[in-house]
Amino acid sequence: MFSKVLVANRGEIAIRAFRAAYELGIGTVAVFPHEDRNSVHRLKAAESYQIGEEGHPVRAYLSIEAIIDAAKSAGADAIYPGYGFLSENPDLAAACEREGITFIGPSAAVLEMAGNKATAIATAKAAGLPVLKSSEPSADIDALLAAAEEFEYPIFVKAVAGGGGRGMRRVAAPEQLRESIEAASREAESAVGAPPGLLEPAGVSPRPNAVEMLAGHPGHVM
């Protein structure tokens, strides 16, 4: 068990993490930009460190260098990213590994694989899991238009990287496809630096199913 955890997040997720750490007897460290200096999550931690520059509060929580520096200053031996911000960024996990800090989350290699829809689909297929039909990833609009001939509408145009609906468009008919790909490309380029890369069927009235898993080192899984 580690002795002190830095939570690289804010708000309710940070407060819940601090409460769990307190119950386990683990020291707690908060980070905050100038704009969050009066936030509750800062007051719930045993220590807190200001990061980033004034006027850019979101950028502060996305600064791997600032978060690693704060962890080293505090003597934290673990970093918990919560969700959002850097939680799915493989660079933070890799930086933790270089510095000998435990990253409470998947390894950098797993985050890199899962953060790319094309590699995630390929990995799922290799594991024998059923997946939705999808086109081959491509940045070529004409290639995606040709691939769409094998799909029934409605379909989704999706950015290979990123999430949260950025770079994604639902297309109801073939005549909307080129315009949707171009619009999604512009959005994806600004949000995640990558154009849409694949097509998938759009489920009509789907039933979402989820399985919650908790895995720890060295291989305990619930």
Side-chain angles (χ1 to χ4, degrees), residues 8-9 52 55-65 67 81-95 103 105-213:
N9 216 300
H56 299 282
V58 174
R59 188 185 300 171
Y61 290 109
L62 296 175
S63 174
I64 294 172
E65 181 181 2
I67 288 168
Y83 54 78
F85 291 132
L86 291 170
S87 61
E88 298 178 26
N89 190 315
D91 294 337
L92 176 58
F103 178 75
S107 68
V110 169
L111 287 171
E112 189 140 5
M113 175 277 294
N116 181 298
K117 295 180 181 65
T119 56
I121 290 169
T123 302
K125 286 181 177 178
L129 297 174
V131 298
L132 286 174
K133 176 183 178 180
S134 62
S135 68
E136 289 296 317
S138 176
D140 186 328
I141 293 179
D142 290 330
L144 291 173
L145 291 171
E149 295 177 4
E150 299 180 12
F151 289 81
E152 292 185 12
Y153 286 79
I155 60 176
F156 277 124
V157 179
K158 291 187 176 182
V160 170
R166 293 168 299 180
M168 184 170 77
R169 290 291 189 280
R170 186 179 188 274
V171 185
E175 57 268 22
Q176 302 172 1
L177 184 57
R178 179 178 288 275
E179 181 182 350
S180 296
I181 293 174
E182 291 172 349
S185 292
R186 291 191 296 270
E187 184 178 55
E189 192 67 42
S190 62
V192 296
L198 54 82
L199 307 174
E200 285 184 352
V204 178
S205 300
R207 292 172 53 194
N209 292 279
V211 177
E212 301 295 338
M213 299 179 66

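For the single chain, residues carry numbers from 1 onward in sequence order.
Using a 4.5 Å cut-off on side-chain heavy atoms (C-beta onward), Pro154 and Val204 make contact. Between Leu111 and Asp91 there is no side-chain heavy-atom pair separated by less than 4.5 Å. Annotation: side chain of Val157 is in contact with side chain of Leu177 (closest heavy-atom distance under 4.5 Å). Using a 4.5 Å cut-off on side-chain heavy atoms (C-beta onward), Glu200 and Ile121 make contact.
Identified under the side chain to side chain donor-acceptor pair (under 3.5 Å) test for residues 201-211, with sequence neighbours left out: none. Sorted by first and then second residue, the pairs that involve residues 125-149 and meet side chain to side chain donor-acceptor pair (under 3.5 Å), not counting sequence neighbours, are Asp142-Arg178.
Residues that satisfy the side chain to side chain contact (heavy atoms under 4.5 Å, CB included) test with Ser107, not counting sequence neighbours, are Ala109, Val110.
A donor-acceptor pair under 3.5 Å links the side-chain atoms of Lys117 to the main chain of Ala159, judged by distance alone. Judged by distance alone, with hydrogens and angles left aside, the side-chain atoms of Asn9 form no donor-acceptor pair with the main-chain N or O of Phe85 at under 3.5 Å. At distances below 3.5 Å, at least one donor-acceptor pair connects side-chain atoms of Thr119 with backbone N or O atoms of Asn116.
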**Message:** side-chain contact (heavy atoms from CB on, under 4.5 Å), that's the test. Do Leu62 and Ile67 meet it? Break it down for me.
**Reply:** CA-CA 8 Å; Leu62 296 175; Ile67 288 168; over 6 Å; no
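We find the CG-CG distance between Leu199 and Leu132 to be 12.5 Å, quoted to the nearest 0.5 Å. Thr123 contributes atom OG1, which lies 4.5 Å from atom CE of Met113 (distance to the nearest 0.5 angstrom). Distance CG/Leu144 to OG/Ser185: 8.0 Å, rounded to 0.5 Å. To the nearest 0.5 Å, the span separating CZ on Arg170 from OH on Tyr153 amounts to 12.5 Å.
For Gly82 against Ser87, the heavy-atom pair with the smallest separation is O-CB, 3.1 Å. The heavy-atom pair separating Ala108 from Ala94 by the smallest distance is CB-N, 3.9 Å. Here the shortest heavy-atom pairing between Ala147 and Phe151 reads O-CD1, 3.3 Å.
Under a cut-off of 6.0 angstrom, the local environment of CD in Gln176 is crowded, with over 12 non-hydrogen atoms contributed by other residues, nucleotides or ligands. Summarising the local packing, CD of Glu65 is surrounded by 12 or fewer heavy atoms from other residues, nucleotides or ligands at distances under 6.0 Å.
Looking at Glu187, Glu182, Glu179 one by one, the single match for salt bridge (charged side-chain N to carboxylate O under 4.0 Å, His left out) with Arg169 turns out to be Glu187.
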